[in-house]
Amino acid sequence: MKFSLVKPNTSPLDLIAIGLWKGQKETALLRLLDRQWNHRVSTLLKREEFSGKIGEGKLIQGDKPIHALLIVGLGEPNRFAAESVRQLAAQAIRTGQKVHAKKVGIEEPSLPKNKGETLQGLAEGAILGGYSFDLYKSKENLGKKTVEEVLLMTLKNGKQHSDAVARGRVIAEATNRARDLINSPASEMTPQRMVQEAKKIGRSAGLTVRIFDRAACQKMGMGGFLAVARGSVEPPYLIHLTYRPHGKAKKRIALVGKGITFDSGGLSLKTAQGMETMKDDMSGAAAVLSLMKALPELHVPMEVHGIAAVTENMPSGSANKPGDVVRTFTGKTIEILNTDAEGRLTLADAIPYAIRQKPDLVIDLATLTGACVVALGELCSGIMGNDQGLIDRLIKSGEQAGERIWQLPLLDDYREEIKSPIADLKNIGGKGAGTITASLFLEEFVKPRTPWAHVDIAGPSWTEKELPLAPKGGTGCMVRTLAYFLTAEANRR
Ligand code: BES
Ligand code: ZN
Ligand code: ZN
C-alpha cells in the first residue's frame, strides 16, 4: 500500500473518506464536493441526521470523477481521539476493498494539537484495517485486496510529515507481522519455526541473535522452562535478540514474551473448547519479536533485548506431573501443582535471564491467566509490577496507541497463596485473584530488584469478533503500545 500526501482536491478517485467529529457539519473537502454535487451530500446528512458518533458510517454514491464518498463519525475529540483517526482510515480501506477501489483518498481530520499525530494514525489505521490472514485460503475464497494507493489529503507536506507516515507504517506492519505469527497454526508455528522467524528478523534488522537449545538451557539451570517442554516432541528454545542503536544507548530495556506455541494444559489438560485458541499462547513472544524488527526503522536510541522461551505445553509419557518440583535459573524451587499454569514456569527462567542483561527496566507480555479475561474481558490488558512510574507510562502509551491497559493491585497479602510446604513456591494460588497471584509469582523472580511491569494480555491477544482495526483472530496487541512507549522513553529527561 502506497501513501502520498496531497492537498485536498476532487481529482479522479475511486473513494474518498471524510471523518466528522460529533457536531461537525463539514470539512474543507466536504464543502468542495457538496458544491460540485449540487448540495446532495449536505441534504442527505441533514435528512438522515448524521450525528458523528463513533462508528457511524455513510457510503454515498458519487458522481464522476469521484465514484464514492464515505463519511465516518469520529465521536468526541477527547483523549481517545487519535484512535478515531485510525478507525477512520481502517474503515476507508475496508470499504475501498468492498467497492474494489484502487485509489482511496482520506482527508486528514482536524485534531487539537498534542492529541496525537494524525498522519501517523491514518497510516497505522489503513495498514491495520487492511490486514487479513490469507495463507490458507484458496483463490475463490480470497477477499480481493484492490486498494493500491492511499492519498492522504492534507495541507502538510514537510519531511516531518512524511516521516510520521513512515513511522505509522512501520508500527502497523510490525503489528501485522505479530498477527501472522499468532494466526499460523501451532503445527506450523512450532518452537523451531519461531527460531527461524527470529533469525529472519535478526538478519533483516541487523540484530544480534542468540539461540539456546535444550542442552544450553539445562546448563543454565532453567528447570521451570524445561519442565514445561518435557511433554512435547518439539524441542524448546530460548530466543534472545539484541538491538543496539548507532551511538551511545540512552538506556537498556529488556522485553520478555511468553512463547507457548500451543497450550494443551499438559497433564492438567484443558477442555476441547479451552484449547481452540491456544495457538495464541505465544502472542507475547510474537509481539516482542515483531517489534524488534521495527526498532532500527524507528531509530530507537536505546539498547533493547527481546527474549522468549518458546515451547509447546503437551501431555505425554514424559510430561511434567502435578507434584513435581523443579529448580529454576535463580535457584528458587517450584512445586508444580497444575501443569496448565505453565507460562509462569517458563517466565520464572526467562525473566531472570533478562535481568542478567542488567537492563534499566524489564517488561513482560504474557497470555498468562484466564482470570484476567474474566476480570477485564477481551478489550483490556491487565498490568502489575513493582514500579508505579513505569506502569503509569505504559498505560499512557497504551492510551496513545489505542490499546487499553488496566492496573490490578499486587496485594502482598496474597503471597501466602503461592507458598508451598515442600518447595519455595507453588505454581497456583487459591480460588480468587488468579491474575494477581500469577503476578506475585513472577515478582519472586525479578531479582535483583529491577523496575518491572507485567502485562497480562490473555484477553486482547485474540478477538472472537471483528474489531475496528483487526479481523477475528490474533490481534498483535501491545506492539503499538511498546513502540509508542519506547519512543516516549527515549525522550524522557
Ligand atoms: N494460556 C493460559 C491462559 C489463558 C486462558 C489465556 C484463556 C487466554 C485465554 C494459561 O497458561 C493457563 O492455562 N492458565 C491457567 C492458570 C491456572 C491453572 C492457575 C488458567 O488461567 O486457567
Ligand atoms: Zn496453561
Ligand atoms: Zn498458557
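Counting starts at 1 for both ligands and their atoms, following the listed order. Keep in mind that what you see is a predicted model, and the values were worked out from it rather than measured.
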- Considering only non-hydrogen protein atoms, determine which one is nearest to atom 14 (N) of ligand 1 and report residue, atom name and distance to 0.1 Å. L368 O, 3.4 Å
- Message: Among all the protein's non-hydrogen atoms, which is closest to atom 6 (C) of ligand 1, and how far away is it?
- Response: A458 CB, 3.6 Å
- Message: Among the N/O/S atoms of E342, which is closest to the Zn ion (ligand 2)? Give the atom name.
- Response: OE1
- Task: Hey, can you tell me if Y353 and F329 have their rings parallel, tilted or perpendicular (30° and 60° cut-offs)?
- Result: perpendicular
- Within the structure, does at least one protein heavy atom fall under 4.0 Å of atom 11 (O) of ligand 1? yes
- Item | Protein residue, atom and distance nearest to atom 20 (C) of ligand 1, heavy-atom basis | G370 N, 3.9 Å
- Task: Tell me, please: is M282 in heavy-atom contact with ligand 1, that is, under 4.0 Å?
- Result: no
- Look only at interatomic distance and state if D281 has a nitrogen or oxygen under 3.5 Å from any nitrogen or oxygen of ligand 1. yes
- Message: Are any of the N/O atoms on T369, whether in the backbone or the side chain, positioned under 3.5 angstrom from an N/O atom of ligand 1?
- Response: no
- Message: Measuring from atom CD of Q87 to atom CZ of F80, what distance do you get when rounded to the nearest 0.5 angstrom?
- Response: 12.0 Å
- Item | Rounded distance (nearest 0.5 Å) linking atom CG of L181 with atom OG1 of T261 | 11.5 Å
- Taking only heavy atoms of R344, which atoms of ligand 1 are found under 4.0 Å from at least one of them? 16 (C), 19 (C)
- Does a salt bridge link E443 with R415, judged by any charged N lying under 4.0 Å from a carboxylate O? yes
- Just heavy atoms, cut-off under 4.0 Å: does I428 contact ligand 1 by side chain, backbone, both, or neither? side chain
- Note on the structure: If you scan protein heavy atoms around atom 9 (C) of ligand 1, the nearest is M278 CE, 3.6 Å
- Message: Quick check for you: with the Zn ion (ligand 2) as the vertex, what angle do OD2 of D263 and OD1 of D340 span, to 10°?
- Response: 100°
- ligand 1 contact on D280 by region, counting heavy-atom pairs under 4.0 Å: neither
- Query: Any side-chain donor-acceptor pair under 3.5 Å between Q120 and E124?
  - Reply: yes
- Does S381 reach the main-chain N or O of I457 with its side chain, forming a donor-acceptor pair under 3.5 Å? no
- Query: Looking only at N/O atoms, are T367 and ligand 1 under 3.5 Å apart anywhere?
  - Reply: yes
- Per-atom contacts, ligand 1 versus K270 - under 4.0 Å to a heavy atom: 2 (C), 12 (C), 13 (O)
- Is there an N/O/S atom in D281 at a distance below 2.8 Å from the Zn ion (ligand 3)? yes
- So does K258 have any N/O/S atom less than 2.8 Å away from the Zn ion (ligand 3)? yes
- Message: Applying a heavy-atom cut-off of 4.0 Å, say which part of M275 lies close to ligand 1: side chain, backbone, both or neither.
- Response: neither
- Can you tell me if T435 and T369 form a side-chain donor-acceptor pair at under 3.5 Å? yes
- Query: Looking at side-chain heavy atoms only, is the closest gap between M189 and F262 below 4.5 Å?
  - Reply: no
- Minimum-distance protein heavy atom relative to atom 2 (C) of ligand 1: D263 OD2, 3.5 Å
- Item | Test: E464 and K472 ion pair at under 4.0 Å | yes
